[in-house]
Amino acid sequence: QVRLLESGGRLVQAGDSLRLSCVASGRPLSRNVMGWFRQAPGKEREFVSRITWSNDNGDYSDSVKGRFAISKDTTLDTVYLQMNSLKPQDTGVYYCAAAFTWGTNERQYDLWGQGTQVTVSA
């Protein structure tokens, strides 16, 4: 059974950097798309970034473009989200998710991790 486990979230100050990790255990190659989403308090979950296992092309939401970088290590079945120049509005629970199709809608992702909390203080 495929499971996703995020880690790396913590309390940081504005301007700091943080790297999140998502380990996909039992990864089936058919779920080729890996995405990061986040949910701020009182808000809906939103797309942050995505990548596929088959190539290195990443995609980002406008709010994080130029500050965040998604990458992967196929030997470790792990996807990373490097977050730089963090802002208080980046605060939220960050989720890793897997999908069969390339998309930014959370309904396209049928496998989710439990989330990791990122808090950015001003």
Side-chain angles (χ1 to χ4, degrees):
Q1 184 178 0
V2 181
R3 296 179 62 184
L4 303 178
L5 182 63
E6 305 96 332
S7 64
R10 62 182 177 90
L11 172 65
V12 296
Q13 293 186 335
D16 284 352
S17 296
L18 198 60
R19 190 178 80 161
L20 306 182
S21 300
C22 172
V23 178
S25 61
R27 173 174 67 90
L29 296 178
S30 58
R31 273 193 188 88
N32 193 39
V33 182
M34 296 296 295
W36 284 98
F37 291 77
R38 68 185 181 187
Q39 187 167 23
K43 295 187 177 181
E44 295 185 351
R45 190 158 53 188
E46 64 174 354
F47 166 77
V48 174
S49 183
R50 57 182 173 167
I51 195 169
T52 67
W53 291 111
S54 54
N55 63 53
D56 292 330
N57 296 329
D59 188 31
Y60 306 91
S61 68
D62 288 342
S63 61
V64 307
K65 196 172 297 182
R67 299 188 297 121
F68 289 13
I70 192 169
S71 62
K72 66 183 189 290
D73 186 333
T74 55
T75 65
L76 298 177
D77 288 347
T78 301
V79 175
Y80 303 100
L81 186 68
Q82 177 67 42
M83 306 186 294
N84 301 321
S85 302
L86 282 162
K87 304 175 182 180
Q89 51 264 47
D90 294 319
T91 293
V93 179
Y94 282 69
Y95 297 91
C96 175
F100 294 97
T101 57
W102 182 249
T104 61
N105 191 318
E106 64 174 306
R107 287 190 290 271
Q108 296 176 266
Y109 292 77
D110 67 332
L111 186 67
W112 292 81
Q114 85 292 343
T116 185
Q117 176 71 46
V118 174
T119 303
V120 185
S121 64

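What you see below is based on every heavy atom in this structure, not just the backbone, and it leaves out hydrogens, waters and symmetry mates.
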Distance-only, no hydrogens or angles: does the [X] side chain make a donor-acceptor pair with backbone N or O of [Y] under 3.5 Å?
| X | Y | value |
| --- | --- | --- |
| S21 | Y80 | no |
| K65 | D59 | no |
| E6 | Q114 | yes |
| E46 | R38 | no |
| S121 | V12 | yes |
| N84 | S17 | no |
| Y109 | C96 | no |

Joint hydrophobic cluster, [X] plus [Y], side-chain heavy atoms closer than 4.5 Å:
| X | Y | answer |
| --- | --- | --- |
| L111 | L20 | yes |
| V120 | V93 | no |
| L5 | L76 | no |
| V33 | W53 | no |
| Y95 | I70 | no |

What is the minimum heavy-atom distance between [X] and [Y], and which atoms define it?
| X | Y | value |
| --- | --- | --- |
| Q117 | G92 | NE2-O, 3.5 Å |
| T91 | P41 | O-CD, 4.4 Å |
| S54 | N32 | OG-ND2, 3.0 Å |
| T104 | Q108 | N-OE1, 3.4 Å |

Check your understanding: Should the pair K87-D90 be classified as a salt bridge under the 4.0 Å nitrogen-to-oxygen rule?
Key ->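 No.
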Review point. With R3, which residues qualify under salt bridge (charged side-chain N to carboxylate O under 4.0 Å, His left out), at least two apart?
Key: none
Point to revise | Plane angle bin for F68 and Y94 - parallel if under 30°, tilted between 30 and 60°, otherwise perpendicular | key: tilted
Exercise for review: Check the pair R67, Y60 against side chain to side chain contact (heavy atoms under 4.5 Å, CB included), reporting the backbone distance first and the verdict last.
Suggested key: CA-CA 10 Å; R67 299 188 297 121; Y60 306 91; over 6 Å; no
Distance check, rounded to the nearest 0.5 Å: [X] atom [atom1] versus [Y] atom [atom2]?
| X | Y | atom1 | atom2 | result |
| --- | --- | --- | --- | --- |
| M34 | T52 | CE | OG1 | 11.0 Å |
| S61 | F37 | OG | CZ | 10.0 Å |
| I51 | N55 | CD1 | CG | 7.5 Å |
| R19 | L81 | CZ | CG | 10.5 Å |

Practice item. Report the C-alpha separation of L18 and D16 in whole Å, then their side-chain angles, then the decisive distance to 0.1 Å, and conclude whether the side chain to side chain contact (heavy atoms under 4.5 Å, CB included) test is met. Key: CA-CA 7 Å; L18 198 60; D16 284 352; over 6 Å; no
Check your understanding: So which pairs with a foot in residues 36-65 pass disulfide (SG to SG under 2.5 Å), sequence neighbours left out?
Key -> none
Review point. Going through the distances and angles, do M83 and V64 end up as a side chain to side chain contact (heavy atoms under 4.5 Å, CB included)?
Key: CA-CA 8 Å; M83 306 186 294; V64 307; over 6 Å; no
Review point. Has Q89 got more than 12 heavy atoms of other residues, nucleotides or ligands less than 6.0 Å from its CD?
Key: yes
